[in-house]
Amino acid sequence: MAYNHQAIEQKWQKRWDKDGTFEAKDEGDKPKFYCLIEFPYPSGEGLHIGHPRSYTALDIVARKKRHQGHNVLYPIGWDAFGLPTENYAIKTGRKPADITKENTDTFRRQLKSLGLSFDWSREVNTTDPAYYKWTQWMFLEFFKAGLAYKTTLAINWCTSCKIGLANEEVVSGVCERCGGRVEKRDKEQWMIAITKYAERLLQDLDTVDYLEKIKTQQRNWIGKSEGAEIDFEVVDPQGSVTPIIKVFTTRPDTLFGATYLVLAPEHELVEQITTNAQMSEVQMYIKTTSLKTDMDRGNDSNEKTGVFTGAYAINPATQKQIPIWVADYVLTGYGTGAIMAVPAHDERDFSFAKKFELPIIKVIEPPALQEVMPADVGVSHAAQTAIKIISDCFTGEGQSIHSGEFSGRSTAEAKKQILGWLEEKGLGKKTINYKLRDWVFSRQRYWGEPIPLVYCEACANLPLKEGETVQTHGWIPVREEQLPVVLPDVDHYEPTDTGESPLASIEDWVNTTCPNCFGPARRETDTMPNWAGSSWYFLRYIDPHNDSAFASTEKLNYWMPVDLYNGGMEHTTLHLLYSRFWNKFLFDQGHVPLSEPYTRRHSHGLVLADDGTKMSKSKGNVVNPDEIVRDYGADALRMYILFMGPFEEPVPWSLNGLIGVRRFLDKVDRYVRSWKEVEAEDFGKIVEPRIKKVSDDIDAFKFNTAVSEFMSLFNDLGDQSVTREQLKKILVVLGPFAPHLMNECWELIGETRLVEEQSWPEFDASLLVQDEIEMGVQINGKVRGTIVLSPNAEEQVAKELALADENVQKHLEGKEVVKVVYVPGRILNIVVK
RNA sequence: GCGGAUGUGGUGGAAUUGGUAGACACGCAGGCCUCAGAAGCCUGUGGGAGCAAUCUUGUGAGGGUUCGAGUCCCUCCAUCCGCACCA
């Protein structure tokens, strides 16, 4: 006797559509609530079964907020630019725009079939010119503010496809699609100076309510470290001008232990300082490292590699000559691209020095063992620590030794004093370094927003802004009234042989007139990364049809900030950080009302295949949501996807689990059908605490236990009827989880209007408190019996009840009671001897 | 390698945040209903011993703190996510 989910779901979805039940109003007396999920990339595979996990969870939150009298904005759109669509288009000879249209149609149909309470009237699409007009406009704001600039960077280049590759497309050093050799090639790229916002992106984390692990990951990604930049003079064998090598270190206190310098292979001074004798070896080394990824280079399990340049520098503290090496464990993007190596106190320097037999000088004395150890740490740990200090290098803090006048200082003091000494001598300065790098904003691709700049040689000396000295270098912004710069609709958009964007070969698009002098000029042919459109979409939802601004000030003031934003942990360091940055920039320019866009950020775990691995087409373990909705219903899918495990953690899919939830929904359906109005009998003590718990669980994002609470409730009710009021409360609270069936049940018991229009139940406090609880009685920490008593009973009462228990008596016999631990409502533990 | 997380029955997971480990669900076993099946309902179900009451063991491994540890501390192991041109 299963209910007919197909009929019921269609019926109520039509009704919601017709009534516009979930459309948000841009004004009103109700408090606003802006609830946001990460909009999907409409891939050709269709909706992934994981998408509904996040969407249903926030759907439940959104629905609950509506019941509680909020004006809720829960919008949806498409993040549709990107590589997979373009690659598929090239492969099939079709147009990316056509493919995107098909994919979004599929996604829309699939999402609608789930009964999600999105406001479909606000749908946005990043590939819509009416949308990316504003992405381009914002890019120009960055440009005009001097935050967008061009620089030369190495990109991955497939020598066979003759195309630039994303890191992801390079698999173990070769091109993912053709297996061809990949090399690094220099290319001019647009950059956006996110590093100028590093400090604020860091500081303002204190003002938002994100899960702590999200904050931690962002902090670590920004990677602020305070340290020193120290100048090392190169001993020049030719005796001409002496080059200076600047190194960054967080441990200036170890300067006396610096026994060699290491430059990144890309460091600009490498060629200049390398001696003739060493030149060919160094060049060979640079060539081999250019094929490695940063991750390979940092990998400690690989043997350290490096090569001596033949040159020496002077350690300013010891005045000793120390050799200069080139090694790929030093990265060019971090710090100054050069380090002073202190092998006695840095593990990577240590293993490098061991391998190449470089001197190791100890300059920090570890604190005495008892100081390292907190009193409560066991002996074995002490032994382990001791072993570690003796055999390895010591990277902790301690006391300086062999450090001239600074010997005897603590690490903190030595840092400060050596830095002071360097500053005095003009050999170094205090610096703050961030791991965060500027944002590479160029892609040599077709399917992205064109960068709305025009290159005009005649205007090369124009200042960027009136009265400023910074020049445009010939890059002139397209005039606002000429936006959007629309992607040309062409038949061929394959990448070119030269590494230029495919747009470069479309001559009548590239050739244009300069917006400034109206002379002949050429368009920028690079496009923006997919991150651009997704950095501000939450602003467009607020006023999606506005064609004179990305959103009106009044509406921005009304809806911002986003009250709750949910997305995957995998977006923490890129999308989430980029969009915070983007919003901060718009705030600085006076375009948005708040510096931080998201008040609260939550995350969901991936849905894995039933074998615990990632779902993938090639493995054939992909679950199709259409089939699930067809065979078991959207309500069952919605409830199961949340029941399957803790919301924040990855969980394997299980069809059996889904069937279990469907059985539960059938049970609810049967219960309502056979329900009879009762007056006297009251299950309040059963119903109220349970639906209160569900309500609390929703707020705490514990959807899995919310579902199990419902199951437990119906198990307890069996076939006994509750009062109409109790049943109505149950249906309303269950509504966000299974909205189709609950509306049907609502109708079945003769109620009118939609469940969605009901207010969230108030809970009767008198029914929530428990008069009696069952408590465990332990003897020496082992449970020997249970007693039933009031949760706040006196210790004496508990003891008497416990002593009445036969088994407890047995275990107490002939023993002496040493201590009694009684925690009301929790435990009674009797300690005996 | 670096950063973030996770580890509990045959399976997914729960545990009032230091207080009766295994809620809820799947699976399995037995029963009721049925001409039979499906569906539904009831009972049992971590391992070991016992007819049973009960005892014992048990939350990745090892150690520690505590009256009491899945939960806190230390060391290790395994797995997952991210690492900047996938989205």
Side-chain angles (χ1 to χ4, degrees), chain A residues 1-2 38 40-41 43 79 82-84 155-156 164-170 189 213-214 216-217 219-221 223 293-302 329 333 348 373-374 376-382 384-385 435-437 439-440 442-445 529-531 534 568-575 605-606 608 610 612 614 640 643-646 648-661 663-664 666-667 670 704-705 707-712 715 718-719 774-778 780-783 785-786 806-807 810 818-821 823 825-831:
Chain A
M1 262 209 301
E38 285 171 342
Y41 175 73
S43 78
D79 184 17
L83 256 185
I155 62 165
N156 301 307
L165 297 178
N167 282 348
E168 196 196 47
E169 297 176 292
V170 182
Q189 304 275 30
K213 62 179 174 183
I214 296 176
T216 309
Q217 220 167 302
R219 285 193 190 107
N220 290 337
W221 184 258
T293 63
D294 277 8
M295 229 183 298
D296 283 339
R297 289 170 54 163
N299 198 331
D300 240 11
S301 54
N302 296 343
Y329 78 94
R348 286 158 311 170
M373 234 91 51
D376 59 347
V377 174
V379 177
S380 72
H381 175 231
Q384 281 160 355
T385 308
K435 284 205 180 99
L436 183 68
R437 307 205 291 260
W439 182 1
V440 185
S442 291
R443 301 289 183 272
Q444 288 72 51
R445 290 289 184 160
N530 172 275
W531 308 108
S534 61
M569 275 312 281
E570 69 274 18
H571 291 119
T572 302
T573 51
L574 298 179
H575 160 70
L606 291 174
L608 306 169
D610 52 12
K614 239 181 166 168
Y640 171 62
F643 178 63
M644 62 200 302
E648 280 172 55
E649 278 156 42
V651 273
W653 173 263
S654 152
L655 193 61
N656 279 336
L658 175 82
I659 290 169
V661 170
R663 281 183 197 151
F664 166 72
D666 283 328
K667 190 182 201 165
R670 278 197 309 276
N704 54 333
T705 50
V707 174
S708 68
E709 203 60 36
F710 278 125
M711 291 173 167
S712 163
N715 286 346
D719 52 8
E774 201 176 82
M775 181 189 280
V777 178
Q778 299 181 331
N780 286 351
K782 291 200 168 165
V783 182
T786 55
E806 241 177 80
N807 201 40
K810 204 172 80 191
V818 185
K819 187 176 176 184
V820 175
V821 180
V823 185
R826 295 267 194 273
I827 202 80
L828 176 69
N829 188 13
I830 304 170
V831 185

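The chains referred to below are lettered A, B, ... by the order of the sequence lines, with proteins before strands, and numbering in each begins at 1. None of these values were measured; they are calculated from a predicted model.
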Compare side-chain N and O positions of A:Asn715 against OP1 and OP2 of B:rA25 and report whether any pair is under 4.0 Å apart. yes

Atom CZ of A:Arg670 and atom CZ of A:Arg663: how far apart are they, to the nearest 0.5 Å? 10.5 Å

Considering every strand and a 4.0 Å limit on heavy-atom distances, what is the contact class for A:Pro40: base, sugar-phosphate, or nothing? nothing

Taking A:Ser654's backbone N and O only, do any of them form a donor-acceptor pair with A:Tyr640's side chain (distance below 3.5 Å, no angle check)? yes

Checking the side chain of A:Glu38 only, and the main-chain atoms of A:Gly568 only, is there a donor and an acceptor separated by less than 3.5 Å? yes

Grab the OH-C1' distance between A:Tyr640 and B:rC24 for me, whole Å please. 13 Å

Quickly work out the A:Asn656 CG to B:rG12 P distance and round it to whole Å. 13 Å

Check whether any side-chain heavy atom of A:Lys435 lies under 4.5 Å from a side-chain heavy atom of A:Trp221, and answer yes or no. no

Under 4.0 Å between any heavy atoms, over every strand shown, what does A:Thr786 touch: base, sugar-phosphate, or nothing? Just pick one. base

A:Asn530 CG - B:rC86 P separation (whole Å): 9 Å

With respect to the phosphate group of B:rA84, does any side-chain polar atom (N or O) of A:Asn167 fall under 4.0 Å of OP1 or OP2? yes

What's the NZ-C1' distance between A:Lys667 and B:rA25, to the nearest Å? 11 Å

Just confirming the chi classification of B:rG9, syn or anti, using 90° around 0 as the syn window. syn

Please report the interatomic distance OG1(A:Thr216) to CG(A:Asn220), rounded to the nearest 0.5 Å. 6.5 Å

What integer number of Å spans the C1' atoms of B:rG1 and B:rC24? 42 Å

Base, sugar-phosphate alone, or nothing: which one does A:Pro529 contact when heavy atoms must sit under 4.0 Å apart? nothing

Counting the atoms with a prime plus P, OP1 and OP2 as sugar-phosphate, which does A:His575 contact under 4.0 Å by heavy atoms, base, sugar-phosphate, or nothing? nothing

What distance separates A:Phe643 CZ from A:Leu658 CG, expressed to the nearest 0.5 Å? 11.5 Å

Kindly say if A:Lys782 contacts the phosphate of B:rU57, meaning a side-chain N or O under 4.0 Å from OP1 or OP2. yes

Complement of B:rA69, any strand, by Watson-Crick or G-U distances under 3.5 angstrom: none

To the nearest 0.5 Å, what is the distance between CD on A:Gln778 and CD1 on A:Ile827? 4.0 Å

On RNA chain B, more 5' by nearest nucleotide between A:Val707 and A:Asn704 is A:Asn704

What distance, rounded to whole Å, do you find between the two P atoms, one in B:rG47 and one in B:rC42? 23 Å

Taking the same atom, C1', in B:rG3 and in B:rA69, what whole-Å distance lies between them? 29 Å

What is the distance, rounded to the nearest whole Å, between atom CG of A:Asn156 and atom P of B:rC86? 9 Å

What contact category does A:Leu436 fall into here, base, sugar-phosphate, or nothing, at under 4.0 angstrom with non-hydrogen atoms? base

So what does A:Leu83 hit on the nucleic acid, given a heavy-atom distance under 4.0 Å: a base, only sugar-phosphate, or nothing? sugar-phosphate

Taking a pair to mean Watson-Crick or G-U wobble geometry with both distances below 3.5 Å, B:rU20 pairs with none

Using 4.0 Å as the upper bound for N to carboxylate O, is an ion pair formed by A:Glu169 and A:Arg445? yes

Would you please confirm or rule out a distance under 4.0 Å between OP1 or OP2 of B:rG4 and any side-chain N or O of A:Asn220? yes

Between C1' of B:rG12 and CH2 of A:Trp653, the distance in whole Å: 13 Å

B:rA87 phosphate, OP1 or OP2, under 4.0 Å from A:Arg443 side-chain N/O: no

So what does A:Lys435 hit on the nucleic acid, given a heavy-atom distance under 4.0 Å: a base, only sugar-phosphate, or nothing? base

May I ask you to verify if any side-chain N or O of A:Arg348 is less than 4.0 angstrom from the OP1 or OP2 atom of B:rC2? no

Just checking A:Trp531: base, sugar-phosphate only, or nothing, at a heavy-atom cut-off of under 4.0 Å? base

What I want to check is whether the side chains of A:Lys819 and A:Asn829 have a donor and an acceptor closer together than 3.5 Å. no

With sugar-phosphate meaning primed atoms plus P, OP1 and OP2, does A:Val831 contact a base, only sugar-phosphate, or nothing at under 4.0 Å between heavy atoms? sugar-phosphate

Could you measure between the two C1' atoms, the one in B:rA15 and the one in B:rG9, and give it in whole Å? 15 Å

Below 4.0 Å: OP1/OP2 of B:rG27 and any side-chain N or O of A:Arg663: yes

Could you identify the nucleotide paired to B:rA52, looking across every strand shown and requiring Watson-Crick or G-U wobble geometry with both distances under 3.5 Å? none

I want to confirm an ordering. Mapping A:Ile214 and A:Gly785 to their closest nucleotides on RNA chain B, which one lands closer to the 5' end? A:Ile214

Phosphate OP1/OP2 of B:rA53: any A:Asn807 side-chain N/O under 4.0 Å: no

Partner nucleotide of B:rG37 by Watson-Crick or wobble geometry (both distances under 3.5 Å): none

Say we look at B:rA61 and B:rA78: how far apart would their C1' atoms be, to the nearest angstrom? 10 Å

Mind checking A:Phe710 for me? I need base, sugar-phosphate or nothing, with any heavy atom below 4.0 Å counting as a touch. nothing

Tell which nucleotide pairs with B:rU79, taking only Watson-Crick or G-U wobble pairs whose two distances are both under 3.5 angstrom. B:rA5

When the C1' atoms of B:rA21 and B:rG46 are considered, how many whole Å apart are they? 10 Å

Using atom P in both nucleotides, what's the gap between B:rU66 and B:rC73 to the nearest angstrom? 16 Å

Now, which nucleotide makes the Watson-Crick or G-U wobble pair with B:rC86, with each of the two distances under 3.5 Å? none

Classify the nucleic acid contact of A:Glu806 as base, sugar-phosphate or nothing, counting any heavy atom under 4.0 Å across all strands shown. nothing

When the P atoms of B:rG37 and B:rG31 are compared, how many Å lie between them, rounded to an integer? 12 Å

B:rC67 OP1/OP2 closer than 4.0 Å to side-chain N/O of A:Lys819: yes

Complementary nucleotide of B:rA25, counting Watson-Crick and G-U pairs under 3.5 Å: B:rU11

Distance in angstrom units between A:Ile155 CD1 and B:rC86 P, rounded: 13 Å

Distance in Å, A:Thr573 OG1 paired with A:Ile214 CD1, rounded so as to fall on 0.5 Å steps: 11.5 Å

Checking all strands, does A:Val661 fall into the base, sugar-phosphate, or nothing category for heavy-atom contacts under 4.0 angstrom? nothing

May I have the distance from A:Glu709 (atom CD) to B:rC24 (atom P), rounded to whole angstrom? 10 Å

